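Here's the structure we're looking at; comments come further down.
Proteins come first, then strands; the chains are lettered A, B, ... in the order of their sequence lines, and each starts at number 1. If you're wondering where the values come from, they're calculated on a predicted model, not measured in any experiment. All values below come from the heavy atoms of this structure, side chains included, with hydrogens, waters and symmetry mates left out.
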2 protein chains.
Amino acid sequence: MPDTGLPHAPPVPPPGRELDETDRRILRLLQDDATLSIAEIADRVGLSQSPCWKRIQRLEATGVIMRRVALVAPERVGLGLTVYVAVETADHSAQWLADFTERISALPEVVELHRMAGDVDYLLRVVVADMAAYDAFYRRLIDGLALKKVTSRFVMERLKATTALPIP
Amino acid sequence: MPDTGLPHAPPVPPPGRELDETDRRILRLLQDDATLSIAEIADRVGLSQSPCWKRIQRLEATGVIMRRVALVAPERVGLGLTVYVAVETADHSAQWLADFTERISALPEVVELHRMAGDVDYLLRVVVADMAAYDAFYRRLIDGLALKKVTSRFVMERLKATTALPIP
DNA sequence: GTTGAAAGCTTCAAGAC
DNA sequence: GTCTTGAAGCTTTCAAC
């Protein structure tokens, strides 16, 4: 093969293509309802139980299925306020960023932390009880951190929220 | 009680306080790992199986536990790109907003749709395969919609992502 | 890939405290 | 509210095709 100087094809599985259509059908079912029995799933994807069970085992062992969880309604446990926090950092040294990441990840109110491209460096999704709780969180967040800009955007209404990925 | 003119206390369950500490411990366990057996949960919260099972049934029946799902690793199913899209709408009539909401919710790539307070009207979380797929999605998104401003922010790295709420 | 079957758990209802 | 008991059903493994 000629060396084009371009990046190589990934050394390992072409994303999403180590899975056949049956695997993807199983995933679509399970990410919608993880209480389905093997019998039910096998039936719906047109397999018998044993091979279906083996496929699910493999999907779990290889990390395609990361975990099975219960989704809790936030407002039912007194967590009525979700806030997206866009952070622009002042310091961009590797050490500072590592510290920042570790420290922010440790905050339980932060359920998601993303490093972003573009104007915003980090985007946080924060879940708290109410505005007073958010204020307390915010003070803890900025305390001692050199942040250039912090923009809080408050969720008024959750119109759609699913953990089910649009598996093609 | 004197009428202060301030908003009343909510007429129904004080958020999160219809649940006792045992319920909350069960929720913390299940939102971390929904494969735990009743026996295991009962053991950890200090109950025997039946009352533990009844509590879980009640939490599901009353919608505190919304569902049980499998979480799939996006990059393992070829969905390597997550984008947050901030939308400012041009039209704010009720009819327009209803149409907008319905239309956006129907797009499978949109896994979350929030109505926001402040400068941004809507925040979308979009999951796609790659930049080409996002471009195709973006064209469909803006096609025929009067949007004042659309800002796409691309996730470079997922540093933390949990569906487990910080139940106090 | 398939079927069928057996062992061991888990779930859930019933009845008592 | 809690506990114990027991039946039914499910998961998991295995043998055989």
For this session: Say whether A/R153 and A/Y84, considering side chains only, have a donor N or O and an acceptor N or O under 3.5 Å apart.
Result: no
Span of DNA chain C engaged by chain A, first through last nucleotide within the 4.0 Å heavy-atom cut-off, is C/dG1 to C/dG4
Between CG of B/L47 and C1' of D/dC3 the distance, given in whole Å, is 10 Å
B/R55 vs D/dT2: side-chain N/O to OP1/OP2 distance below 4.0 Å = yes
Contacts of B/E102 meeting side chain to side chain donor-acceptor pair (under 3.5 Å) (sequence neighbours excluded), chain-then-number -> none
Exercise. How are the rings of A/Y134 and A/Y138 set relative to one another: parallel (under 30°), tilted (30 to 60°) or perpendicular (over 60°)?
Worked result: tilted
- Does the side chain of B/T89 pick up a donor-acceptor pair with the side chain of B/D91 at under 3.5 Å? no
The answer to which of B/S50 and A/S50 contacts DNA chain C further toward the 5' end, by nearest nucleotide, is A/S50
Between B/A34 and A/V69, the two heavy atoms sitting closest are CB-C, 3.4 Å
What residues 59-73 of chain B contributes to the DNA chain C interface at heavy-atom separation below 4.0 Å is none
| said: At 4.0 Å (heavy atoms only), tell me whether B/Q57 reaches a base, stays on the sugar-phosphate, or touches nothing. | reply: sugar-phosphate
From CG of A/D43 across to C1' of D/dT11 the rounded distance in Å is 16 Å
